[in-house]
Amino acid sequence: EQRWKRLVKRLSGDRRFQEALAVLHALEGGSVYPGPVGYNIVLAACAKAGAVDVAYDVFHNMESRGVVPNTYNYNTLISVCSRTRNIQGAFDVYHRMQDLGVPADTVTYGTLLHACSKAADLDRAMQIMHALKEAGITPDVVMYGTVIDALGKRGLLDQALDLFNDMKANNVAPNTHIFNSLIAASSKSNQASKAFEIFDDMQRSGLEPDDFTFSSLVTACGRAGLADKAWDIFQTMLASRPKANEFVFNSIISACGRCGQVDRAFEAFEGMKAAGHTPDSFTYSSLINACGTANDVDRAFALFTSMTDAGFTPDAFAFSSLIHACGKANQLSRAFDVFDSVQRAGVKPDLVTYSALLDACCKRGHLDKAFELLHQMRSVGLEANEFVYNSLISACGKAGQLHTALDLFDEMRSRSVTPS
RNA sequence: GUGGGCUGAUAUGGACA
């Protein structure tokens, strides 16, 4: 009886959706009835794979086979829209289920809220929250969590905290997700002390901090320049939870790097490997950055080499970090060498790669080279952003080229790039 | 009626100031 489920799961997990459907069709009229559950396994796999069109096909296929979609099926379809930031599609599905009298549940609302959040439509999310309360429905902990997290990601820490209080006033008990979101929100808003307040609150509530908690805390310290505090909390955590995951290690490496603590960053790097984790692209670019921040270009290059020796393909982040390190140490020709090697490595330089090099040129007063790069990036379809304009304008200013600076400023405004 | 299955929320890396 469970065999067909495993088969359908495996097939749809391998993106063999048509074969999965064929299995469901073959079961029709037999002794087992996969029904909405069977189709939802396929739908959920489409959602994970981001295969929107296939998901709709599966949904229609289910209907045409006389299987009436239930709340779960509609929820999954809403989730598909949500993942692809198709907020309109999500609400269309919701309205359709209302029209057909299929009851919405907490998951429906939670998924809709998540859709709003992914599409950065916080007003709509708040409207839903209010509408639910008007209808006498108290949002559950996941709904609160979704909106709290969305607010935090937009830098609206105070509103996130307001909602946190609102949920407690409604007797909804905060869980680990909620506290972790708030700690991450504090980190994003560069409020490390707030992060620790929430951390204390979390422990007073009897909840165990997890890897999410610690990586957010460490990141908060790193952003605030609290090197020792980052290291402290990391060490304390290791004492009680030696099996921290790679996120935690990457976070401490990055935090140490930001604070100019290269040696600690490398110590954590060793600890990471000793813990059995394979360093990933986050690890390497954080380390390169750590070297760059400390003006140790040679160490950055050595690391870059060991990274490729280990069979790792550098990505645009690694290259940009290396270019930035060269620029910061006034090694412009080396920066250009790296830039050339980007293309050779088959990596597409992106806006940040260009702007790192362009800024290095600007800082050295090589306006000609900077404008050449501007031209070059435009020729591959990359437009200048605020960072690029700022670099150029400030370099023109220093070089006494006021006309050019003003022209750039006008151009920037006419393209409605916000000056800062 | 009850239980179960498929669906929703959290953390890490690069450029100007």
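Proteins get letters first, then strands, A, B, ... in listed order; numbering begins at 1 in each. Small disclaimer: the values here were computed from a predicted structure and weren't measured.
At a cut-off of 3.5 angstrom, the base of B:rG14 holds no donor-acceptor pair with the side chain of A:S321. For A:N245 against B:rA11, a side-chain N or O and a base N or O form a donor-acceptor pair under 3.5 Å. A donor N or O paired with an acceptor N or O is not found under 3.5 Å between the base of B:rA11 and the side-chain atoms of A:S216. Side chain A:D315 to base B:rG14: no donor-acceptor pair is found below 3.5 Å. Interface remark: the A:N385 side chain does form a donor-acceptor pair with the B:rA15 base, using a distance-only criterion of under 3.5 Å. If you check distances only, the side chain of A:S355 does reach the base of B:rA15 with a donor-acceptor pair under 3.5 Å. At a cut-off of 3.5 angstrom, the base of B:rG13 holds no donor-acceptor pair with the side chain of A:S286.
Taken residue by residue, residues 275-283 of chain A places heavy atoms nearer than 4.0 Å to RNA chain B at A:S281, A:F282. Within residues 100-119 of chain A, the residues that have a heavy atom under 4.0 Å from RNA chain B are, in order of number, A:T106, A:V107, A:G110, A:T111, A:H114. Annotation: proximity of residues 174-195 of chain A to RNA chain B (heavy atom, distance under 4.0 Å) is found for A:N175, A:H177, A:N180, A:S181, A:A184, numbered in ascending order.
In this structure A:H60 satisfies the side-chain contact (heavy atoms from CB on, under 4.5 Å) test together with A:Y56, A:E63, sequence neighbours excluded. Not counting sequence neighbours, the partners of A:D200 by the side-chain contact (heavy atoms from CB on, under 4.5 Å) test are A:Q203, A:R204. Under the rule for a ring-ring contact (aromatic ring centres under 6.0 Å, His included), A:F317 has no partner lying at least two apart in sequence or in another chain.
Contacts of A:S285 with the nucleic acid, taken as non-hydrogen atoms under 4.0 Å apart, include base atoms. Using a 4.0 Å heavy-atom cutoff across all strands shown, A:V141 reaches at least one base atom of the nucleic acid. Residue contacts shown for A:N70 are absent, as no nucleic acid heavy atom lies under 4.0 Å away.
With B:rC6, B:rG14, B:rU12 as the candidates, the nucleotide lying closest to the side chain of A:A316 is B:rG14. Candidate nucleotides B:rU12, B:rA17, B:rU7 were compared by shortest atom distance to the side chain of A:Y72, and B:rU7 ranks first.
Put simply, CG on A:D359 is 10 Å from P on B:rA15, counting in whole angstrom units. Look at CG on A:D210: it is 13 Å from C1' on B:rA9, rounded to the nearest Å. In this structure, A:L303 atom CG and B:rG13 atom P are separated by 17 Å, rounded to whole Å.
The side chain of A:R223 places an N or O atom within less than 4.0 Å of a non-bridging phosphate oxygen (OP1 or OP2) of B:rG13.
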